[in-house]
Number of protein chains: 2
Amino acid sequence: MVTRKEVAELAHVSEATVSRVFNGLGPMKAATKERVLEAAKVLGYHPNAIAQSFARRRSGNLGVILPYMPKVHLFSAFYFAEILSGIGEQVREQGYDMLLSLLTPDDELDYGRLYRSQKVDACVILGARDTESQRNSLIQLQEQGHSFCLVNQRFEGLSFLEVDADHVEGSYQAVRHLLAEGYQKIAFLNGSPQYSNSLDRLHGYEKAMLEAGLTIEPELMFEGNYSRTSGYEAAAKLWEMRDRVEAIFAANDRMAIGLMQGLRERGWVAGRDFAVIGCDNSDAAKLSDPPLSSIGVPFFEMGKQAARAVLARVGHGAVEHELQVKLPTELIVRQSSRIGKGGV
Amino acid sequence: MVTRKEVAELAHVSEATVSRVFNGLGPMKAATKERVLEAAKVLGYHPNAIAQSFARRRSGNLGVILPYMPKVHLFSAFYFAEILSGIGEQVREQGYDMLLSLLTPDDELDYGRLYRSQKVDACVILGARDTESQRNSLIQLQEQGHSFCLVNQRFEGLSFLEVDADHVEGSYQAVRHLLAEGYQKIAFLNGSPQYSNSLDRLHGYEKAMLEAGLTIEPELMFEGNYSRTSGYEAAAKLWEMRDRVEAIFAANDRMAIGLMQGLRERGWVAGRDFAVIGCDNSDAAKLSDPPLSSIGVPFFEMGKQAARAVLARVGHGAVEHELQVKLPTELIVRQSSRIGKGGV
DNA sequence: TTGTATGCGTTATCAT
DNA sequence: ATGATAACGCATACAA
């Protein structure tokens, strides 16, 4: 390994000067800089990132924490891929690297390990849920002065750095769309209330229904776990009460697709016999038959902003970032909800 | 930050002894160990990972390199999610962390940056293609003595660490299945030959066709780019020659699904009017209508073995790993190919 | 079984 | 504009 020392010798300067050249610090003679750069090139010198981290007392790594579940995909792969790409784009711009950490439920209490070991300067946390234990872990993390930003999850009553999407508005638009298409008996298949976006979607649903002068029928409210299978299972229940249902709003695409599959097996075809809208506008929405109307969520941008926010916080006097940001969602109408019933 | 020194003082031992306790080295009195641990606990001491890396001259990070394409998904998200999880499971077992690096095409010539900066001890490379420039980059990397393992990509004529799946056999089984169902006019929608698995699939297709006494019709061979859209576009061409096609084997699920969508728009329904088999057995295969028969590829296991192989190589005299491993694939039959034409 | 001493490659402070 | 040098927190070879 070629070190700064060798470069300094070859360039006939001190080691400090070599560092200055590579860090662009202080005024210096162009000739000196040239000589150092030349020597470095000849020797093939590259600063040792670990030594730099050690000396600077920061790792240059942004931790990305995600729940780890062997061979299980509670969240769609799409969701993570988008967010990861967004984070990736941002860290690259700031010269950081991404340290990926898959946390099992057992580790949830140990969010702090990465920080304590100094492997990361800050973290972006994906897939968090509002449980007693996670709440406590995050509060503790905050008390210890560690910087983190949550993506797509809010914790009411607590003041964390959060980048979320406007799921209330998205759901509101989805249901408004169904209403405009002439549907009134609209069921709602939600996910676990441990996710703030589930609660948001419920609010959006309720708001649209009430505004339309309709009542919220408890028997039209279902809860799945965001998996295709849970949507498929909900189809059986919906089928039993098909005379009371014209349309369904599902809290994600996977459940919506499972739902369509289950109902199709019984001869009820989405976009013909009933309407469906999902959430996420994932690839699966385009791949399904019929193509699924969905609420688009800017996952890429959310990842990017989360990384930016949390790096700004640890950065050297960088721009201040609002504590909580909420990005807009977007209704994407496809065939699954397009036929309508004649409109209002 | 609490350091080893403070622990040593409180426990009335030397700093070296503290290190020994935390690294489980050498024989030591149980009482001493107890005292050190107690002191560490009282002070809240945690070894500084960066200082450790610095002293050990290894980072403890496994680099994971993936092609980066803003908002584009050439590979399915499923593919990466599975492999990443597999790598994650393995690194966790070995006490390593994953450093994610998204490389743009421009960076392809600079595979070495991560190594030179000492940020990683080894890399797993995903999504590599057999192009002139990538070949050269990898050869150079190898010459510089850097350890890496390729996943799902082989480079003929070169001797790299590679973990692949048996795509030849998978394709062979897929086509055999179609033949057994009574189809003989079997088209093949492949991906770019820059991917070794595309070539493998071609070989499997040819082998099965020739064994069945059939000829390879060049007009039945199509090339897409692994995207749904390219499958959708291929549907138009296939439709033109529908009298000469009974079944289609596609090199991934996304193209197969695009294909089904395109043909359905023309009234040709998969599993009824023609048969289709895809590859990857991704989530999309289960979500599509009809459910898509597919060749399952053990991406999770491939990621895991790749991480294992390359960490063994840099590890302290760990077990030797074969240079090239090839994991078995698996035919998953679903409705898209199930109807058959009455058998052979 | 434990202590001592050296080195790891930078950054950053203080001289000059 | 540049040089000298003290940290930084740990691993490890060698001594005791």
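Numbered from 1 within each chain, the chains take letters A, B, ... in sequence-line order.
In this structure, A/His146 and A/Tyr115 have parallel ring planes: the angle between them is below the 30° cut-off, well short of the 60° mark.
As judged by a 4.0 angstrom heavy-atom cut-off over every strand, B/Arg4 is placed among the base-contacting residues. Looking at heavy-atom distances under 4.0 Å, B/Val13 makes contact with sugar-phosphate atoms alone, never a base. As judged by a 4.0 angstrom heavy-atom cut-off over every strand, B/Tyr45 is placed among residues touching the sugar-phosphate backbone only. Across all strands, A/Thr32 comes closer than 4.0 Å only to sugar-phosphate atoms, never to a base (heavy-atom distances).
Using modelled atom types and a 3.5 Å distance limit, the side chains of B/Tyr96 and B/Asp121 yield a donor-acceptor pair.
The pair B/Asp97-B/Lys119 does not count as a salt bridge, with every side-chain nitrogen at least 4.0 angstrom from each carboxylate oxygen.
An OP1 or OP2 oxygen of D/dC10 is reached within less than 4.0 angstrom by no side-chain nitrogen or oxygen of B/Ser19. The phosphate of C/dG3 has OP1 or OP2 within less than 4.0 Å of a side-chain N or O from B/Thr17.
A/Asn48 places its CG atom 12 Å from the P atom of C/dC8, with the value rounded to the nearest Å.
For A/Ala55, taking side-chain heavy atoms from C-beta onward, the closest of the listed nucleotides D/dC10, C/dG9, D/dA1 is C/dG9.
For B/Arg20 against D/dA11, no side-chain N or O and base N or O form a donor-acceptor pair under 3.5 Å.
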